[in-house]
Chemist: 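Below: one structure in structure tokens.
Along the sequence shown, the residues carry numbers beginning at 1.
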Amino acid sequence: MTAQPNPNPNLNLLLFSMLITTIASTSLASISRTSSLTLFRCSAPHHRRKSFACPLWSASFSLCLRRSTHRRRFSVSTTSAAAMTDVEEIATNPLLQDFDFPPFDAVTTEHVRPAIRALLKKSESELDELERSVEPTWSKLVEPLERMMDRLEVVWGIVNHLKAVKDSPELRSAIEEMQPEKVKFDLRLGQSKPLYNAFKSIKESNDWNDLSEARKRIVEKSIKEAVLEGVSLDDEKRERFNEIVQELKRLSEKFSENVLDATKKFERLVTDKKEIEGLPATALGLAAQTAISKGHENATPENGPWIITLDAPSYLSVMKYCQNRSLREEVFRAFVTRASSDDLDNTEIINQILKLRLEKAQLLGYNNYAEVSMAMKMANVDKAQELIEKLRVAAWGPAKKEVEEIKIFSKKQGAPEAGNLTHWDISFWSERLRESKYDINEEELRPYFTLPKVMDGLFSLANMLFGISVEPADGLAPVWHNDVQFYCLKDP
């Protein structure tokens, strides 16, 4: 049976992007820390370079879908001699060049500051002009606003993506320096009275009913977002609001960096194979490879040494397969207490975030931050809590039953901890029970689910559901690591 493709190709692409981002990225994460998947929509096999410039992180996904042959362009006009240096920087900065695909292979830390400064300056000038000339119509407000923001948001997305996949102290420093200016511009844009009033005028105009439901949604969303950005606050409250937003952004970044650094910091060197008895061959191979990368050049999966880390593939393998209960406890405790001590302690950061979020919510007229978070969503706080309680009630009974079943099974196996199973025992004994009941071992299934087979199956499913074909396109676009795989998405 073959499903009929959705008649809307853009919707097909969006739905498939959501599917593949959820499924493929999760699968790849268990294969390699550097593996990644990049998708791009192509118009025709012989015209790939004229394809839609719509990376998934684009700020204006709908806008760029309409520009099938236009590259992202950056221009700057200046007459002063002093500005010629800026022009020379722009001419050599890959983030400021015309590109079809993000120049991941060419971007370095030195490019970040001048690129963001140049784009902020250009965006501020365009915002000044838009505020002067804005009219309450779709073509005079929404479209120029999307065009104005697209390049800045794409470049900012590229930089932050590189931070996520290729983190370094130098890149962190560059982003940390530019972030306050970026947030300042975002606040100015969000609190623009001329744009806010223009959006309200569209909604109140006689032409409102002529707009499509999608365009009505965009206008209403923009009005609500502006209110949540503080556009309606008086000067004194707005100044405090902006201070809070800046500090929250700084704290959030620091929180994430501390978690990442704490995760990287933990390394458990194992030299006695009895300590990691039970780990499958793939986990031993990963641990040995990690040891090699840390300077143990002679490490092998069979003879070690091995290094256990808190990265998901290593951590989960220990929790599910390692027979050494004390090692499971050590690794579990290290995992759940990341960033909770010494110079990476997030405790005070969490307290400050909670305090500032509450103050921000109260400035906007809400009782708590949860209400602010739900303001742009279809549900509300009460409905969310009601759903959580329904899930708890439905899951509580089966969960208790499963835990009792695990306890009985572990006792039959002679486990000394059977009468006192705790957090670092459940995954291990749950996996043993599953293997006993269903005669299924994940390691034995691995040969049937190699990466090429998984990707082929995923793409075949996408073609059946959405009528979209996906073809390998390695080499077509610059990438940040040789393990990155690039694919071209095509409509029928």
Chemist: If every non-hydrogen atom of Ile202 is compared with every non-hydrogen atom of Pro136, which pair is closest and at what distance?
Modeler: CG1-O, 3.2 Å
Chemist: I need the minimum non-hydrogen distance between Val372 and Ala361, along with the two atoms involved.
Modeler: CG2-CB, 3.5 Å
Chemist: Do you know the tightest heavy-atom contact between Ser139 and Glu143?
Modeler: CA-OE1, 4.0 Å
Chemist: For Glu135 and Leu141, run side chain to side chain contact (heavy atoms under 4.5 Å, CB included): C-alpha distance rounded to whole Å, both residues' side-chain angles, the deciding distance at 0.1 Å, then the answer.
Modeler: CA-CA 6 Å; Glu135 297 178 16; Leu141 171 60; over 6 Å; no
Chemist: Above 12 or not: heavy atoms from other molecules or residues under 6.0 Å from CG of Asn482?
Modeler: no
Chemist: Between the main-chain N or O of Ser340 and the side-chain N or O of Thr337, is there a donor-acceptor pair closer than 3.5 Å?
Modeler: no
Chemist: With distance as the sole test, does Ser125 use its side chain to make a donor-acceptor pair with the main-chain N or O of Lys121 at under 3.5 Å?
Modeler: no
Chemist: With a 3.5 Å distance limit and no angle check, can you tell me whether Asn346 reaches the backbone of Phe255 through a side-chain donor-acceptor pair?
Modeler: yes
Chemist: Nearest heavy-atom pair of Leu95 and Phe99: which atoms, and what distance?
Modeler: O-CE2, 4.0 Å
Chemist: Walk me through it: do Leu152 and Lys182 pass the test side chain to side chain contact (heavy atoms under 4.5 Å, CB included)?
Modeler: CA-CA 9 Å; Leu152 174 60; Lys182 172 64 165 58; 4.1 Å; yes
Chemist: Identify each donor-acceptor pair in which a side-chain atom of residues 107-114 lies under 3.5 Å from a protein atom, sequence neighbours left out, and give them as a table.
Modeler:
residue : atom : partner : partner atom : Å
Thr108  : OG1  : Glu110  : OE1          : 3.1
Thr108  : OG1  : His111  : ND1          : 3.2
His111  : ND1  : Ala106  : O            : 3.4
His111  : ND1  : Thr108  : N            : 2.9
Arg113  : NE   : Glu177  : OE1          : 2.6
Arg113  : NH2  : Ser173  : OG           : 3.3
Arg113  : NH2  : Glu177  : OE1          : 3.4

Chemist: Output, in order, the C-alpha distance, side-chain angles, deciding distance and verdict of salt bridge (charged side-chain N to carboxylate O under 4.0 Å, His left out) for Arg172 and Asp261.
Modeler: CA-CA 12 Å; Arg172 283 188 186 185; Asp261 291 344; 2.8 Å; yes
Chemist: Write out all pairs satisfying ring pair (Phe, Tyr, Trp, His ring centres under 6.0 Å) with one or both partners inside residues 164-203, taking only residues at least two apart or from two chains.
Modeler: none
Chemist: Please report the closest heavy-atom contact between Ala339 and Ala262, naming both atoms and the distance.
Modeler: N-CB, 3.4 Å
Chemist: Taking C-beta and beyond as the side chain, do Asp150 and Glu146 meet within less than 4.5 Å on heavy atoms?
Modeler: no
Chemist: Does atom NZ of Lys390 have more than 12 heavy-atom neighbours from other groups under 6.0 Å away?
Modeler: no
Chemist: Apply side chain to side chain contact (heavy atoms under 4.5 Å, CB included) to residues Leu189 and Met148 and explain how you reach the verdict.
Modeler: CA-CA 11 Å; Leu189 177 65; Met148 181 187 77; 3.8 Å; yes
Chemist: Using modelled atom types only, decide if a donor and an acceptor are shared between the side chain of Ser373 and the backbone of Ala370 within a distance under 3.5 Å.
Modeler: no
Chemist: Could you tell me whether Glu247 and Lys360 make a salt bridge, using a distance below 4.0 angstrom between a side-chain N and a carboxylate O?
Modeler: no
Chemist: List the steps, then state whether salt bridge (charged side-chain N to carboxylate O under 4.0 Å, His left out) holds for Lys163 with Glu253.
Modeler: CA-CA 11 Å; Lys163 181 174 181 286; Glu253 288 292 322; 3.5 Å; yes
Chemist: Assess the side chains of Thr347 and Asp345: does a donor N or O sit below 3.5 Å from an acceptor N or O?
Modeler: yes
Chemist: Can you check whether Asn463 reaches Ile468 side chain to side chain, under 4.5 Å on heavy atoms?
Modeler: no
Chemist: Please lay out, stage by stage, how Arg215 and Asp207 fare under the test salt bridge (charged side-chain N to carboxylate O under 4.0 Å, His left out).
Modeler: CA-CA 12 Å; Arg215 291 191 171 187; Asp207 297 328; over 6 Å; no
Chemist: Between Lys490 and Glu471, does any side-chain N to carboxylate O distance fall below 4.0 Å?
Modeler: yes
Chemist: Do His481 and Phe104 make the cut of ring centroids closer than 6.0 angstrom?
Modeler: no
Chemist: Are any non-hydrogen side-chain atoms of Phe241 and Glu359 less than 4.5 angstrom apart?
Modeler: no
Chemist: Please report the interatomic distance CG(Leu211) to NZ(Lys203), rounded to the nearest 0.5 Å.
Modeler: 12.0 Å
Chemist: Where is the tightest heavy-atom contact between Ala334 and Leu310, given as atom of each residue plus distance?
Modeler: O-CD1, 3.7 Å
Chemist: Taking the side chain as everything from C-beta on, heavy atoms only, tell me whether Val484 gets closer than 4.5 Å to Val165.
Modeler: no
Chemist: Does the side chain of Asn368 pick up a donor-acceptor pair with the side chain of Gln362 at under 3.5 Å?
Modeler: no
Chemist: Show me the donor-acceptor pairs, under 3.5 Å and distance only, between side chains in residues 217-225 and residues at least two apart or in other chains.
Modeler:
residue : atom : partner : partner atom : Å
Lys221  : NZ   : Glu225  : OE2          : 2.5
Ser222  : OG   : Ile218  : O            : 2.8
Lys224  : NZ   : Ala375  : O            : 3.4

Chemist: Do other residues, nucleotides or ligands put more than 12 heavy atoms under 6.0 Å from the NZ atom of Lys216?
Modeler: yes
Chemist: May I have the step-by-step check of salt bridge (charged side-chain N to carboxylate O under 4.0 Å, His left out) for Lys200 and Glu204, ending in yes or no?
Modeler: CA-CA 6 Å; Lys200 288 203 302 182; Glu204 296 165 359; 5.5 Å; no
Chemist: Do the non-hydrogen side-chain atoms of Val231 and Lys193 ever get within less than 4.5 Å of each other?
Modeler: yes
Chemist: Suppose we screen for side-chain hydrogen bond (donor to acceptor under 3.5 Å, both in side chains). Which residues come up paired with Gln385, at least two apart in sequence or across chains?
Modeler: none
Chemist: With side chains defined as the heavy atoms from C-beta onward, is the minimum distance between Asn197 and Val134 less than 4.5 Å?
Modeler: no
Chemist: Which distance, rounded to the nearest 0.5 Å, do you find between the CG of Asn380 and the CD of Glu386?
Modeler: 9.0 Å
Chemist: Can you confirm whether Glu131 is buried at CD, in the sense that more than 12 heavy atoms of other residues, nucleotides or ligands lie under 6.0 Å from that atom?
Modeler: yes
Chemist: Any donor-acceptor pair under 3.5 Å linking the side chain of Glu229 with the backbone of Leu187?
Modeler: no
Chemist: In sequence, state the C-alpha distance, the side-chain angles, and the governing distance for Glu267 and Thr309, and then conclude on side chain to side chain donor-acceptor pair (under 3.5 Å).
Modeler: CA-CA 5 Å; Glu267 293 178 6; Thr309 71; over 6 Å; no
Chemist: Taking Asp311's backbone N and O only, do any of them form a donor-acceptor pair with Ser314's side chain (distance below 3.5 Å, no angle check)?
Modeler: no
Chemist: For Glu236, is there any backbone N or O sitting under 3.5 Å from a side-chain donor or acceptor partner on Asp234?
Modeler: yes
Chemist: Does Val183 reach the side chain of Asn242, with side-chain heavy atoms less than 4.5 Å apart?
Modeler: no
Chemist: Tell me, which pairs form a ring pair (Phe, Tyr, Trp, His ring centres under 6.0 Å) where one or both residues lie in residues 331-373, sequence neighbours left out?
Modeler: Tyr315-Phe335, Phe332-His423, Phe332-Trp424
Chemist: Could you work out, with side-chain hydrogen bond (donor to acceptor under 3.5 Å, both in side chains) as the rule, every residue matching Ser123, not counting sequence neighbours?
Modeler: none
Chemist: Between Gln97 (side chain) and Asn93 (backbone), is there a donor-acceptor pair under 3.5 Å?
Modeler: yes
Chemist: Dump the intermediate steps for side chain to side chain contact (heavy atoms under 4.5 Å, CB included) on Met374 and Lys383, then the final yes or no.
Modeler: CA-CA 10 Å; Met374 301 300 289; Lys383 290 294 183 182; over 6 Å; no
Chemist: What I'd like to find out is whether the side chain of Gln485 reaches to under 4.5 Å of the side chain of Leu451, using heavy atoms alone.
Modeler: yes
